[in-house]
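To start, the structure itself, in structure tokens.
Index from 1, following the sequence. The structure displayed is predicted, hence computed values, not measured ones.
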Amino acid sequence: MVFGYLMIVGILIVIGLAVNKNPDLLALSKTLSKEKNSDLEKLTTTAKNTLVITGLCILLSNVVVTI
């Protein structure tokens, strides 16, 4: 059970960091025009932050529940 939580946390954090480096992983990045580069940067930053924070919250909740 703990191993499953750790895998989920790892996957979420890795995907979050990958989205920041490669914005093509997001479906909306292909629909935005080239002029809206700042919107794409905001989108990737928000996606990265959301995925990493979600992963850390799952890790923290798992630690709290097991104690």
Side-chain angles (χ1 to χ4, degrees):
M1 187 87 161
V2 175
F3 182 69
Y5 283 118
L6 291 176
M7 279 183 42
I8 291 170
V9 168
I11 289 170
L12 285 173
I13 291 175
V14 167
I15 290 174
L17 295 175
V19 163
N20 195 30
K21 298 221 183 263
N22 190 5
D24 290 337
L25 294 173
L26 296 174
L28 290 176
S29 67
K30 295 179 183 173
T31 61
L32 292 174
S33 63
K34 301 283 183 188
E35 295 85 28
K36 297 193 176 195
N37 197 14
S38 63
D39 290 341
L40 182 61
E41 187 175 321
K42 289 178 189 176
L43 179 68
T44 56
T45 302
T46 303
K48 178 195 75 150
N49 291 340
T50 302
L51 288 167
V52 171
I53 289 172
T54 302
L56 293 176
C57 286
I58 292 172
L59 181 66
L60 182 64
S61 67
N62 187 26
V63 169
V64 169
V65 168
T66 48
I67 291 178

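In this structure, I53 CD1 and L12 CG are separated by 12.0 Å, a value rounded to the nearest 0.5 Å.
Residue F3 shares its hydrophobic cluster (ILVMFWY side chains chained together at separations under 4.5 Å) with M7.
With N62 contributing its side chain and I58 its backbone, the two residues share no donor-acceptor pair below 3.5 Å.
Under the 4.5 Å side-chain heavy-atom criterion for grouping Ile, Leu, Val, Met, Phe, Trp and Tyr, I11 is connected to L25 within one hydrophobic cluster.
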For residues 13-21, which side-chain donor-acceptor pairs fall under 3.5 Å, sequence neighbours excluded?
none

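Residues passing the side chain to side chain contact (heavy atoms under 4.5 Å, CB included) test with L59, sequence neighbours excluded: L6, V9.
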